[in-house]
Amino acid sequence: MADSRNRKRKKTSQAAEIWKRLQKNRMAMAGLCTLIVILLLSLFGPLLSPYDYAAQNFTDRLMFPCASHLFGTDNFGRDILTRILVGGRYTLFITFVCITSAAIMGSALGLLAAFYPKMDNIIMRLVDILMGIPTMLMCVSIVAALGSNMKNMMIALAVTQSPEFARIMRAQVLTIKDREFMEAASSIGCSNGRIIFRHIIPNALAPIIVQYTLGAVSVILMSASLSFVGMGVQPPTPEWGLMISAGRDYLRDYWHIAIIPGLAIVVTAFALNMLGDGLRDALDPRLKQ
Amino acid sequence: MLHGGNPVQHKLYMEIEEGKQVLRYIAKRILMMLPILFGITVIVFTLMYITPGDPAYAILGENATPEQVMEIHKEYGLDDPYLIRLGRYFAGVLQGDFGTSYKTGRPVFTEIMDRYPNTLKLALLSTLLGVVIGVAAGIIAAVKQYSIFDRVGTIISLFGVSAPSFWVAMVLVLLFSVKLKILPATGTYGPQYWILPVFTLGLQASTSIMRMTRSSMLEVIRQDYIRTSRAKGQSEWKTIMHHAFKNAQVPIVTIIGIRICGFLAGAVLVETVFAIPGLGKYIIDSVNFKDYPVVQGGVLWIGLNCIVINLLVDIVYCFIDPRIKSMYSNKKKAAAVGTGGASNG
């Protein structure tokens, strides 16, 4: 009887355990649900909207939120709600691509540094240098060198986010490297590739996943900031930071043009932060205060 | 063995020895700064070097004649190979010469120094406000864990780290300048002009400092010596401030260092909204004008500032935690401590 119970318990995978713990965290679940709603709205919302995000309508310009335009219209008479929904696609796309690239690049560098001691010094000094330049200025320098557009902004964001992943991965691998199962794997003749992909990466993923969500918040805020100062997405693309920038001149009389797109950024980043905090607690319950 | 013959002299001897170790460690950290500074210089210079377009046209305008362009190339050494230009730039930087602005023709360092005080003032005042609010709120949230204050504080702090600074700045302008008309929105003509910018960044800093203070305090509050302090009848205030807070300061100092660096570099957004003539805004304007010596110099100067702040954070560690100080006597342990500086947000 006891044996069968034990067997049942063993069958529960680590991922299922983490999911169970995450489900118990109401803040994290609220964050996850909000993110799913934002994703669905960004994907399908513009299809349901009666307005085109780029169509200018000068008879309806600068309208405050009303029944026909729930979030009002901007200085070109464009529906702000539709533009926010389309902007969500850009923001989520930029965030996903940048943070995934940064996670892959950074983790690979961290893994190489920890696994091959000869490369450690070179890689980690490069990481130190990259971290020595403040993120905003590094992004500005890269965009200045490559040109102000969305693609170059994404390259800049991916490059600036990767050192953090490299540091975390290196620290994780260094602690895993000395464990008995690693010794066992190499003693039975596992190749380096197998050791890395089958034993190291799965055991080092937890903090990387947490950094992934928290780094995604940085990317959202940084991409909005770069677009705000004209170094990211260019008009007339409805990126949220750019929409705030465009509404700045009308803040005195038509506050909704700048303030409402900002709320979209806040809600998305807030949801990601809640999920990130919850994931951190679920992946390492000892950290939970 | 007692040094000096008696315990007092021995203690003094040990303290001097410990001081020497700390000084040696600081000297080592300063030496370690140099390769990082060199690396930053190379990266920033290379990025500006690969930038498409001829700087001569940025100086002379699009209607420049080929002769004029050639003259500028000769004057600025723009035809020289990459390594020679890098070497020349690096030699200049070591002597405090960051180049000449294409736009104004003035030395970049002078241009930086004209604007740097505004950025530094904004960063330091904001951090000070953030520390006052954040540390106090963090301690209360930790001491009264799961109370209404803790829950509301946690949500507000989460909001603070989720809101872009330029948006918060615009909300504050809308409230206090447009609606209530009690504070000026733009410019730097007097102390009242600094209230909104400092509040914008200060509130943001306070949220991250509060989060760090809370989690750091919660970790300490559960230690046995806190229970002992309470058991022997020590007042709650003394227990929290003398025993708990004192031991929770290292992560708080780290986050303060990160915030100052972040503000020096990221204040550009708030400087733009409040029209403050700071260094960040100047760098962005210079990118638009293709005034690359200014971009190079500005980024390098802020990078240098951040390295120095990281060094100061490391030094402060050993004053607030004697355990870290004692680690310096062991070289291997000291190296491990050295990796814990503030990174730049």
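Because the structure is a prediction, the values reported are computed rather than measured. Throughout, protein chains are lettered first and strands after them, A, B, ... in sequence-line order, and every chain is numbered starting at 1.
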Notebook entry, point to check: Which region of B:Y292, side chain (C-beta onward) or backbone (N, CA, C, O), has a non-hydrogen atom less than 4.5 Å from a non-hydrogen atom of chain A, or is it both or neither?
Noted result: side chain
Next item on the list: For A:A144 and B:M48, work out which heavy atoms get closest and say how close.
Entry: CB-CE, 4.2 Å
Note to self: I need the A:I133 CD1 to B:T41 OG1 distance, nearest 0.5 Å.
What the structure shows: 8.5 Å
Next item on the list: Calculate, to the nearest 0.5 Å, the distance between atoms CE and CD1 belonging to A:M138 and B:I40 respectively.
Entry: 9.5 Å
Note to self: Minimum heavy-atom separation for A:A145 and B:L47, please, with both atom names.
What the structure shows: CB-O, 3.0 Å
Next item on the list: Considering only heavy atoms and a distance below 4.5 Å, find which of A:T160, A:L146, A:L263, A:D128 pairs most often with chain B.
Entry: A:L263
Next item on the list: Return the option, out of B:K290, B:R211, B:Q296, B:K281, with the maximum number of heavy-atom pairs under 4.5 Å with chain A.
Entry: B:R211
Note to self: For the OG1 atom of B:T154 and the CE atom of A:M27, what is their distance to the nearest 0.5 Å?
What the structure shows: 7.0 Å
Check: Which one, B:V42, B:T272, B:I50, B:V295, leads in non-hydrogen pairs under 4.5 Å with chain A?
Finding: B:T272
Checklist line | B:V168 portion near chain A, given a 4.5 angstrom heavy-atom threshold | finding: neither
Next item on the list: Among A:I265, A:V217, A:I259, single out the residue with the greatest number of heavy-atom pairs under 4.5 Å to chain B.
Entry: A:I259
Checklist line | Contact class of B:V44 relative to chain A, heavy atoms under 4.5 angstrom | finding: side chain
Note to self: So for B:F166, is it side chain, backbone, both, or neither that comes closer than 4.5 Å to the heavy atoms of chain A?
What the structure shows: side chain
Note to self: Under the side-chain contact (heavy atoms from CB on, under 4.5 Å) test against B:V287, which residue among A:V143, A:V229, A:V140 passes?
What the structure shows: A:V140
Next item on the list: Tell me, for A:D277 versus chain B, whether the close heavy atoms (under 4.5 Å) come from the side chain, the backbone, both or neither.
Entry: side chain
Check: Of the backbone (N, CA, C, O) and the side chain (C-beta and beyond), which part of B:I36 lies under 4.5 Å from a heavy atom of chain A, both, or neither?
Finding: both
Check: If every non-hydrogen atom of A:R252 is compared with every non-hydrogen atom of B:V178, which pair is closest and at what distance?
Finding: O-CG1, 3.6 Å
Check: What part of A:I220 lies closer than 4.5 angstrom to a heavy atom of chain B: side chain, backbone, both or neither?
Finding: neither
Next item on the list: May I ask you to name which of B:G298, B:P164, B:S165, B:G280 has the most heavy-atom pairs under 4.5 Å with chain A?
Entry: B:P164
Check: What part of A:M274 gets closer than 4.5 Å to chain B, counting heavy atoms only: side chain, backbone, both or neither?
Finding: both
Next item on the list: Compare every heavy atom of B:S162 with every heavy atom of A:L221, then report the nearest pair and how far apart it is.
Entry: CD2-O, 3.4 Å
Note to self: Counting only heavy atoms from other residues, nucleotides and ligands, does the tally under 6.0 Å from CZ of A:F96 exceed 12?
What the structure shows: no
Next item on the list: Please round to the nearest 0.5 Å and tell me the distance separating atom OG of B:S177 and atom CG of A:L251.
Entry: 9.0 Å
Margin query: Using heavy-atom distances under 4.5 Å, tell me whether B:I155 contacts chain A through its side chain, its backbone, both, or neither.
Written below: both
Notebook entry, point to check: Hey, does B:I302 have a side-chain heavy atom less than 4.5 Å from the side chain of A:P134?
Noted result: yes
Item checked: B:M170 versus A:A258, closest heavy-atom pair with distance -> CE-CB, 3.3 Å
Checklist line | Side chain, backbone, both or neither of A:F228 within contact of chain B (heavy atoms, under 4.5 Å) | finding: side chain
Item checked: Neighbour count above 12 (heavy atom, 6.0 Å) for A:K24 NZ -> no
Next item on the list: Can you establish whether the number of heavy atoms outside A:F64 located under 6.0 Å from its atom CZ is more than 12?
Entry: yes
Note to self: If I take atom OG from residue A:S141 and atom CD1 from residue B:I283, how far apart are they, to the nearest 0.5 angstrom?
What the structure shows: 8.0 Å
Notebook entry, point to check: Quick one: what part of B:I43 sits under 4.5 Å from any heavy atom of chain A, side chain, backbone, both or neither?
Noted result: side chain
